[in-house]
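The figures here come from the full heavy-atom set of this structure, side chains too, leaving out hydrogens, waters and symmetry mates.
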Amino acid sequence: MAELKALCMKCRDNKNKPTMQVMKDPQVESKPGKGGSMRYSAKGKCSNCGGNMFKFLSKEDADALKE
């Protein structure tokens with residue numbers, strides 16, 4: 001995975017919808033979910049405005065970002 005894109009709530013288009021931006025310095029986290037499964041997520045900063053970003057990931061994407 002070359003770059004991680006997620007919705008930025010601060011960067012809006014002309015219809016006031018959040019836009020997809022590249023996440024800088026994603027930090028991968030894993031937490032237990034319901035039913036004993038694990039949930040993977042990434043937290044980082046927007047490359048455009050510097051706002052906080054969050055995205056849920058699959059196990060494969062989380063493993064690829066950890067490397």
Side-chain angles (χ1 to χ4, degrees):
M1 183 177 281
E3 59 185 23
L4 183 61
K5 289 191 175 184
L7 286 175
C8 179
M9 296 296 131
K10 287 186 176 181
C11 299
R12 302 281 178 147
D13 62 5
N14 57 359
K15 294 183 181 178
N16 203 24
K17 291 185 179 179
T19 58
M20 294 293 281
Q21 301 292 335
V22 176
M23 187 184 294
K24 287 192 312 187
D25 304 323
Q27 301 296 318
V28 178
E29 296 180 356
S30 59
K31 294 183 180 180
K34 291 184 179 179
S37 62
M38 294 297 287
R39 300 283 313 252
Y40 300 95
S41 62
K43 290 182 181 179
K45 299 284 184 181
C46 176
S47 61
N48 191 27
C49 70
N52 292 330
M53 298 178 83
F54 176 86
K55 183 173 184 174
F56 282 112
L57 301 171
S58 66
K59 182 177 182 343
E60 294 80 23
D61 289 342
D63 291 339
L65 280 175
K66 285 182 182 179
E67 294 176 354

### Nearest atoms (heavy-atom pairs only) where Pro18 meets Leu7
O-CD2, 3.8 Å
### Task
Could you pull out the closest heavy-atom pair between Val28 and Ala62, with the gap in Å?
CG1-CB, 3.8 Å
### Message
In this structure, would Met20 and Met9 fall into the same cluster of hydrophobic residues linked by side-chain contacts under 4.5 Å?
### Response
yes
### Query
What residue pairs, at least two apart or across chains, pass side chain to side chain donor-acceptor pair (under 3.5 Å) with a residue in residues 5-20?
Thr19-Gln21
### Summary
Residues pairing under ring-ring contact (aromatic ring centres under 6.0 Å, His included) where one sits in residues 8-35, two or more places apart or in two chains, turn out to be none
### Query
For residues 43-67, which residue pairs qualify under ring-ring contact (aromatic ring centres under 6.0 Å, His included), counting only residues two or more places apart or in two chains?
Phe54-Phe56
### Distance in Å, Gln27 CD paired with Lys66 NZ, rounded so as to fall on 0.5 Å steps
11.5 Å
Enumerate, atom names and distances included, each donor-acceptor pair closer than 3.5 Å involving a side-chain atom of residues 33-52, sequence neighbours excluded.
unit_1 : atom_1 : unit_2 : atom_2 : d
Ser37  : OG     : Lys34  : O      : 3.2
Lys45  : NZ     : Asn52  : OD1    : 2.8
Ser47  : OG     : Val22  : O      : 3.1

### Task
Quick one: list whatever passes salt bridge (Lys or Arg N to Asp or Glu O under 4.0 Å) with Lys55, sequence neighbours left out.
none
